[in-house]
Amino acid sequence: MKNLDWQERKDQVFARGMGNIFPIFAVRARNTEIWDEEGKRYIDFGSGIAVVNTGHSHPDVVAAVKEQLDAFSHTCVMVTPYAKAVELAERLIQLAPIEDARAIFVSTGAEAVENAVKIARSATGRPGVIAFSGGFHGRTNLCMGLTGKVIPYKKGFGPFTPEIYHAPFPAEYLGFGSEASLAALDQLFKSDIQADRVAAIIIEPVQGEGGFYPVPDGFLKKLREVCDIHGILLIIDEIQTGIARTGRMFATEYAGIEPDIMTIAKGIAGGFPIAAVVGKKEVMNAPEPGGLGGTYAASPLGCAAGLAVLDVIEKESLCERAIEAGNRLQAGLIKMQADYPDLIGDVRGLGAMVAMELICNGDVNQPNTELTKALTSKAAELGLILLSCGVRANVIRILVPLTIPSTLLEEGLEVLRQAFDACV
Ligand SMILES: Cc1ncc(COP(=O)(O)O)c(C=O)c1O
């Protein structure tokens, strides 16, 4: 059956709210390539939105999951736990940039964020949470409230939980830097919520859905100071940036700070639904036994996959490869920018989280949403899965598997170039 026939069938049975970017129905995927129902092959520059950092169906991950499946698929970690959950927690708390840490496992990124906030409120006895404009933290009610992007994540879905506030994110390209953001945060304490009623501040080290804006140098350090002054916990959302994506196991490491809590998901298990919250022992231990969990929390398949993913990252030096891939991608985009300076306003990235921002007439205030849309469609037509993002819907984001062979990286860049040439 053709892709469009499947799309028609999907549209008959799925609610439209759960849309898909491309009418491309996958049948097989390996490392950096996906094949569809029509036998067409695509180079994947999206990794299923930053999930398959170790490539599609990495043989070690598949083998670990098969072995686990032969043993058992579920007993419930809250009833009869198992060694792999303990081992994954041991590995993660050792890798996290937190001195004396504890972990929990849940199933999705949104659930990790929910639990991070629950834990922060329990530990501080305070209700308030401050997030940043343009941030994305998930689709549950609390996470929607934290998210700073209305369409499509919040539109029509309110009311959201009370006691959530937003500070402007320091996106330097948009002319708004650290000092302005910190001043606005200070103003928030004066005008909206007193600082000693704030349980936590949550932030992504590089905004993902919001547009791939990295926090400016030194910003997280300043935020850490603000948190320490007021007894506020700092939650770093590493769901998109974590697990070697930015060239470090966690992007927080670039800032040289210690978060109180970190949320981890996506790349942690190569596509198996498991997520984690890791934080300081005294903070994590605040909730009563039984207050945290879930039927599928710490899924055995996810734990087995997670352990294999961490081994692959080490064995195949994926942090180094993230940097190499990121450098090559940025160089390719900068070359394109030289040819189209009026359309490509900015090329930026951290490790293998690379983006270009599309504008009109060389004006940062004129986001080029049409070109962004046209480019992702054209790329798909030419065999490249390319994602967009941004509050202004004008950013192309590249999230290659960190295992991408250099031949495919070059081929993908070439297709991207052809697609761009065809669109302008
Ligand atoms: C930074 C960040 N936080 C939270 C989430 C939500 O994760 P999930 O979709 O697994 O619920 C995402 C997903 O894109 C994300 O990028």
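First listed ligand is number 1; within each ligand, the first listed atom is number 1. Note that this is a predicted model, so its numbers are computed, not measured. Both backbone and side-chain heavy atoms feed into the values below; hydrogens, waters and symmetry mates do not. For the single chain, residues carry numbers from 1 onward in sequence order.
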| request: Determine, stepwise, if the pair Asp311 / Arg91 fulfils side-chain contact (heavy atoms from CB on, under 4.5 Å). | output: CA-CA 10 Å; Asp311 285 343; Arg91 297 277 294 273; 3.0 Å; yes
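- Listed by first and then second residue, the salt bridge (charged side-chain N to carboxylate O under 4.0 Å, His left out) pairs that reach into residues 376-405 are Glu209-Arg397, Glu357-Arg392, Lys378-Glu381, sequence neighbours excluded.
- Relative to the six-membered ring of Trp35, Arg28 meets both conditions, a distance below 6.0 Å and an angle of at most 45° to the axis.
- Taking the ring centre of Phe136 as origin, the terminal cationic atom of Lys149 falls outside the region bounded by 6.0 Å and 45° from the ring axis.
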Under 3.5 Å, N/O to N/O: give me all the pairs between ligand 1 and the protein, one per line with atom names and distance.
| from | atom 1 | to | atom 2 | distance (Å) |
| --- | --- | --- | --- | --- |
| ligand 1 | 3 (N) | Phe136 | O | 3.3 |
| ligand 1 | 3 (N) | Asp237 | OD1 | 3.4 |
| ligand 1 | 3 (N) | Asp237 | OD2 | 2.7 |
| ligand 1 | 10 (O) | Gly109 | N | 2.8 |
| ligand 1 | 11 (O) | Gly109 | N | 3.4 |
| ligand 1 | 11 (O) | Ala110 | N | 2.8 |
| ligand 1 | 14 (O) | Lys266 | NZ | 3.1 |
| ligand 1 | 16 (O) | Gln240 | NE2 | 2.9 |

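- Around atom CD of Glu179, no more than 12 heavy atoms belonging to other residues, nucleotides or ligands sit under 6.0 Å away.
- Cation-pi geometry between Arg348 and Phe212 is not met: the NZ or CZ atom fails to fall both under 6.0 Å from the ring centre and inside 45° of the normal.
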